[in-house]
There are 2 protein chains.
Amino acid sequence: MAEHLNINTSTVSRALSEKSSEMISPDVVKRVRKAAQEMGYKQNAAAYALKVGRTKSIGIIIPDMMNPVFAPIVRGIHSVLNQYGYTAFLAYSENNASAAHTEVEKLISRGVDGIIYAAAFRTDSVVDLCKSHSIPLVLVNRVVDQGNVDTVKVDDSLGIEMAVGHLLDLGHRKIGFIAGPKNISVSYIRLRAFTQTMAEHDLEVEPHRIVEAHSLTEEGGEKAMSVFLGQNPDATALIASNDLIALGCFTALTQFGYTCPKRISIVGFNNMPYLDWFAIPLTTISIPHFQMGERSAELLLKRIDPESDDHYEEVLLKPKLIIRQSTAPVIRRKKKIAST
Amino acid sequence: MAEHLNINTSTVSRALSEKSSEMISPDVVKRVRKAAQEMGYKQNAAAYALKVGRTKSIGIIIPDMMNPVFAPIVRGIHSVLNQYGYTAFLAYSENNASAAHTEVEKLISRGVDGIIYAAAFRTDSVVDLCKSHSIPLVLVNRVVDQGNVDTVKVDDSLGIEMAVGHLLDLGHRKIGFIAGPKNISVSYIRLRAFTQTMAEHDLEVEPHRIVEAHSLTEEGGEKAMSVFLGQNPDATALIASNDLIALGCFTALTQFGYTCPKRISIVGFNNMPYLDWFAIPLTTISIPHFQMGERSAELLLKRIDPESDDHYEEVLLKPKLIIRQSTAPVIRRKKKIAST
DNA sequence: GTGAAAGCGCTAACAA
DNA sequence: TTGTTAGCGCTTTCAC
């Protein structure tokens, strides 16, 4: 196209670039842009990347493609990337640390300008991997124990406080907790918040009230719930570390011939899509997925920008209690039995 | 790393490449690969792409990030891409033709080697766009009217035959259909299959039995269902063009004070995740999402391979009827009323 | 079997 | 304001 207009390629380059077009006579700029439009010229991304060292692409890593809570996060990310001409690779780790590491390595060798990581473990090699390659990294939802990383997360403790408060309001006192794996920040924090909040209400949580699921999935929840029910015949309520675990709890409950909320009230966490349709609509803690995506993308773009100052930021978003039908006032069976 | 071993960069390049390493003495190959391993050398994707003209990346475009049926398709795609060192950009069109066109343009200017397109309309500019750029394109699920495109789809007609057969078996005769937009192949084909199958059973479908939703969404289904119920007080069963529309039908049904399956049986299409949990578990047609993803990725990779012959392929997969509780035997109210 | 050198398409420093 | 030129990191023809 340069030869077509009898001008140098560098002039064309400058005319097309927003920044350097100011150094070029306005009519040349106009002519070049018109020609580019007409012949459908598109900048070669590979050449640009090779020259400038930036690809205008980022990588997103989520733990699980099938967990519908990540869809709105990804949408949030895209919504801001689009405004800045960035594109995203999407990868998933299947909740496996080494798979995540491999995916990040692949992304880095693809030359992504940054990574949004929603699949972190509390200690995670991905952080150092990115640091050693000087690749900007933003953690969403799940964070790591070590500091010095940009993060966007929800106030999990507040969420659990809300859940506990709700159950206390309904009269529950014998409340259990199905935790997720301790090596994931959200599981860890939610569990800690549970015992703390209970303690603040002068309710000591005995160890048998807490069962740890091996993963944040339906299957993990089901197994853990079986154990829980075996050792907690008297519990009237329960908080699950996330919605998927809560679903697993439903399954185990059914296997035991019990019903929710009649026998036991259950609160989830995340407010995944379609819960309203469920046979037992799950009371849960809603987190602002879309906004989390937006904020993390904004943060990452800021960090990619060489102009920006480089101290880490931590965005903390507020959860919300969504009351549905899986929680109900406690029925004081025990007392009646005791009084007979 | 070349200078580190005192050999030429071209030797390094050859040693690292699977194909050209045969031209190099085995011990040099070994030394180079070991060194590459140790110093964590990773090929620069941009330079490779610029030189060779292939990026080893593809683009995936789905209509809707929030529709959970696309997650397993994307997983299927990834599962084969991973085996061949390919990576995928994921974009979505929000069911908007021009948005899809723009996304494809972006992907092409990123230099993707091919595109998997799950968001096609029956006539869609994306096909010509890819043709004009000589970018391999595979259509999944939704296809276009024009031929000469690689496609992976489900036998929608067979699916509808199964649905109709199921309802007939239950004794239903007054069966309605909530169609999706006619400009999307799956909606169009499913509707056509419905009237044809009914006709084959000597059941003429009167026009008021069919209502077209403006989109394949809950909201579209709800509005269409309101219309349908207004003009079909006697219908005992209904097929929805997809599950989301069926959910919308549930909503409208509730608004009218009716219940499913007591008042009307409903069959969906797609077998989206979590249906088993629903208050009214939806009878639906299951399609092999994961396999669709796999097959489309295989097809695309084959088309990208310059060695391959270039006649188009059309993969047709089989659906399956999943019977749940949204369908039940017809109750012959009418006859009783008539006999009074 | 290996080295030398060209060039993919672009941008930016340097000249003019 | 515009042209000239070098070079990003890689592969690949052409020599040897």
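Below, read A as the first sequence line, B as the second, and so on, with proteins coming before strands; counting in each chain starts at 1. Small disclaimer: the values here were computed from a predicted structure and weren't measured.
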**Asked** Counting only side-chain N and O atoms of B/N8, is one of them less than 4.0 Å from OP1 or OP2 of C/dA4?
**Response**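 Indeed, a polar side-chain atom of B/N8 lies that close.
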
**Item:** Short side-chain N/O contact from A/Y48 to OP1 or OP2 of C/dC8, under 4.0 Å
**Value:**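 No.
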
What's touching nucleotides 13-16 of chain C from the protein side, N or O pairs under 3.5 Å?
from   : atom 1 : to    : atom 2 : distance (Å)
C/dA13 : N6     : A/R14 : NH1    : 3.2

**Message:** For B/K153, is there any backbone N or O sitting under 3.5 Å from a side-chain donor or acceptor partner on B/T151?
**Reply:**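 The answer is no, because no donor-acceptor pair under 3.5 Å joins these two groups.
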
**Asked** Under the 3.5 angstrom rule, does the side chain of B/N96 hit a backbone N or O of B/A99 as a donor-acceptor pair?
**Response**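 Yes, B/N96 side chain to B/A99 backbone: donor-acceptor pair under 3.5 Å.
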
**Prompt:** For A/T11, which contact category applies under a 4.0 Å heavy-atom criterion: base, sugar-phosphate, or nothing?
**Reply:**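 The residue A/T11 makes sugar-phosphate contact but no base contact.
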
**Request:** Mind grabbing the angle between the end helix axes of the helix from C/dG1-D/dC16 to C/dA16-D/dT1? Five pairs an end, 10° rounding.
**Result:**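 Comparing the first five pairs with the last five, the axes sit 40° apart.
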
**Request:** Scan residues 63-81 of chain A for pairs that pass side-chain hydrogen bond (donor to acceptor under 3.5 Å, both in side chains), counting only residues two or more places apart or in two chains.
**Result:**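 Listed by first then second residue: A/R75-B/E94.
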
**Message:** Please list all pairs meeting side-chain hydrogen bond (donor to acceptor under 3.5 Å, both in side chains) that have one or both residues in residues 135-148 of chain A, counting only residues at least two apart or in different chains.
**Reply:**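 Sorted pair list: A/N95-A/R142, A/R122-A/D145.
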
**Message:** Please identify the 5'-most and 3'-most nucleotides of DNA chain D with any atom under 4.0 angstrom from a heavy atom of chain B.
**Reply:**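 Boundary nucleotides touching chain B, in 5' to 3' order, are D/dG9 to D/dT13.
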
**Rounded interatomic separation in angstrom, taking OH from A/Y41 and C1' from C/dT11** =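 Between C1' of C/dT11 and OH of A/Y41: 10 Å.
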
**Prompt:** Could you give the CE-to-P distance, from A/M23 to C/dT11, as a whole number of Å?
**Reply:**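 Computing the A/M23:CE to C/dT11:P distance gives 13 Å.
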
**Asked** Listed by chain and number, what are the ring pair (Phe, Tyr, Trp, His ring centres under 6.0 Å) partners of B/Y188, not counting sequence neighbours?
**Response**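 Listed in chain order: nothing, the list is empty.
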
